[in-house]
Structure formats: structure tokens, C-alpha cells
Protein chains: 2
Amino acid sequence: MQITSRFTIAVHIITCIHCFQDDYKVTSNFIAGSTGVNPVIIRGVLSQLKAAGLIHVRQGASGITLAKPLEEITFFDVYEAVDSVKDEGLFHFHENPNPDCPVGKNIHFALDRRLAQVQTAMEQELRQIRLSDVAADVQAKIEAEKK
Amino acid sequence: MQITSRFTIAVHIITCIHCFQDDYKVTSNFIAGSTGVNPVIIRGVLSQLKAAGLIHVRQGASGITLAKPLEEITFFDVYEAVDSVKDEGLFHFHENPNPDCPVGKNIHFALDRRLAQVQTAMEQELRQIRLSDVAADVQAKIEAEKK
DNA sequence: TTACTTGTAATGTGTTATATTACAACCATA
DNA sequence: TATGGTTGTAATATAACACATTACAAGTAA
């Protein structure tokens, strides 16, 4: 089971805003064109990124902009904004272990801590990666192709 | 989006086999009772665990047993056996970034490496945890309750 | 006022996880 | 060897979910 494409879409969106906000009016349709994703989906992700304080969007007014410098946005910020499993946890536990079985009764106790440990390791790695890293790579590639 | 319950089911199964293989004939129905999961699903997971060389199952013959000491089975072994994203990767990438857009054209190049890095961090943590750790906790709880 | 944009509800479609029924293949033992 | 129990698996149902799409209200800027 994979992590939703909303995450890569969101990273793509932020990179787009960064690269184009000075030269174009960045709109949901513009982004839909770059990502190949339906504009309504894009607007949904934009709302989540806005709620997380990462971008500025205003109803009616075109021109989406960044709310923070790229160096201050990590993969974790984006992940948390669009694909968070805060309520549920990364791992889906089978719902009905048998409380009358010694193993079924105690399996949650034995597992929960360790599942959380794995989730934390993943989230820590997400925190290491900044959106500025991604944008730098994209722009380096663009420059390289100009020649 | 979460990791399938097949993973926690599989860990539960292995713990069950370990705890009960000396005293009971462990069957798919027995495990279904402990996990609260349908026997057919259990048999599917059992097949995957068998294919991964973690357990012994023989058609017709009851009595499922472990193929390795618990100390030599990690969360990663189980994860790989039942819920692997080997072909796809942990992150689902949006399918149609626009090759005519400078960002759309290069977003894969800029992201793939980092997504793999996050996936690797998670898998490394899975490798740190042994099934014997889980079984020890379960059995300690059982002992504690006897008193 | 007009043209454009965001926000969002409603609906459709395809995919996937799990449950369930049914049955063939197989094994162990009386 | 006949029988009862077990695994393997196909077929089907159901629910949840991701994403696409249409439609339109609400808002903005010229």
C-alpha cells in the first residue's frame, strides 16, 4: 500500500510556485497543466497547504504565492499537510484480535510502541529534506538544458 | 494512506505459532480465531510467509511451524513478505507531469532519489526490530497476568 | 459589469482490502 | 482405504478510497 500521490503533487505544486511566481500568475489551472492533475484536485491540495501555512491563496484572486522561504519547508511539513495519518498511524492494525486469546489480548501492547518507532524514523527522515533542495535540483537541470 | 493490516496480521500469526506450536495444532482456523480475521485471508498470508521461507505449511497437513528462530526474523522480513512495494516504491508518484513544462519535465529527477531515501530509512528501522522482541513482550504480559 | 479565479458539493469510475462461499487437492489416521 | 480435517485458491460481494469531472456559488480585479 502506497502513500498517496497527493504528496508528490504537493511538492510539485510548491516547486512550481517557487519557479514561476515572479514571472507568471500561478493559478490552479496553471498548476494542473504542469502536474497533469485535475484542477479540482489541485485546489484541494492548495487548500491543505494553505491551512498548514505554507502558501497564500485567496478566493477569487489569482496569483498563488509561498508563505515561507523554501529552506523552511521540509518534506515532513508537506506530508503532514496533505497526507497525514495523525489519527490512524502509519500502520493499519487488524481490528478484532481476540481478547480471549493470550496473544490476541496482548498483541497491541507488544506492537504499538514498535510501529510508532518505525513511523517516527520515517518522519525524521522526511524532516531532513527541504523543498529548497528539490527546487535547486530542478533549476540546475533547467540551466543545464539551456546550453 | 496506511500500510495494510496484512503486516500486523502476519506478525500476530508468527507470534501465535511461536507461543502455541508446542501445545496445539496450529491451523489457519485456530489463527483466524486469535486474530479475528477470516481464515481465507489467513491462508493467503500464510502462503506469503511460506514463500518467504519464514514458516512451514503443508497442504492437507495441519500443524504450522516456524522455519527459523524468532531472533532471525525482523519486521522487514515480514513486511517484505506480505506488503512489499518493491515494484512501485513507498510513494505513489502522480502519473502525468507535463514534459513541456520545465518543472514537470524534471520533477522526477529531483524527487526520486529523496523518496527512495525516506523509504530506505523506514526499511532500516524495520530491520532493527526482531519478532523475538514482540514475543518476549507478549509472554511477559501473560506471565504477569497469571499472578 | 465582466472575465477570471477559488471553494466546494455532487457524482462517476476504477482500484484495492477484506470477507465469504465453495470446492479441489491433500494428508493422517482409524 | 475410507473418512474427517486441513490447505490452496477461484469467484464473488462489499466497503472504502483516490482521482476525475461537472457544475456552480462566492469572491476579486480590471
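Basis for what follows: all heavy atoms, side chains included, without hydrogens, waters or symmetry-related copies. Below, chains carry the letters A, B, ... as their sequence lines are ordered, and counting in each starts from 1.
The A:His92 side chain lies nearest to C:dT18 when the options are D:dG8, C:dG7, C:dT18. Considering only the side chain of B:Val40, C:dT20 comes nearest among C:dT20, D:dG8, C:dG7.
Side-chain N/O atoms of A:Arg58 include one lying less than 4.0 angstrom from OP1 or OP2 on D:dA29. Distances shorter than 4.0 Å separate some side-chain N or O of B:Ser28 from OP1 or OP2 on D:dT7. Regarding contacts with the backbone of D:dC19, every side-chain N or O of A:Asn38 stays at 4.0 angstrom or more from both OP1 and OP2.
B:Lys50 has its NZ atom 17 Å from the P atom of D:dT6, to the nearest Å. Between the P atom of C:dA17 and the CD atom of B:Gln48 lies a distance of 10 Å, rounded to the nearest Å. The interatomic distance linking A:Ile9 (CD1) with D:dA20 (P) rounds to 7 Å, in whole Å. For A:Glu95 and D:dA15, the CD to P distance is 15 Å, given to the nearest whole Å.
Projected onto DNA chain D by closest heavy-atom contact, A:Val37 and A:Ser62 fall at different nucleotides, the more 5' of which corresponds to A:Val37. If you find the closest nucleotide of DNA chain C to B:Lys25 and to B:Pro39, the one lying nearer the 5' end belongs to B:Pro39.
As judged by a 4.0 angstrom heavy-atom cut-off over every strand, B:Ile64 is placed among residues touching the sugar-phosphate backbone only.
Checked options A:Thr35, A:Asn29, A:Thr27; the residue passing with A:Ile42 is A:Thr35 (criterion: side-chain contact (heavy atoms from CB on, under 4.5 Å)). The residue from A:Gln119, A:Gln124, A:Gln117 that alone fulfils the side-chain hydrogen bond (donor to acceptor under 3.5 Å, both in side chains) condition with B:Glu125 is A:Gln117.
Side-chain to base pairing of A:Arg43 with C:dT5: no donor and acceptor N or O lie closer than 3.5 Å to each other.
Ion pairing of A:Asp77 with A:Lys68 is absent here, as no side-chain N (NZ or NE/NH1/NH2) approaches a carboxylate O to less than 4.0 Å.
Annotation: side chain of B:Ile3 is not in contact with side chain of A:Leu115 (no heavy-atom distance under 4.5 Å).
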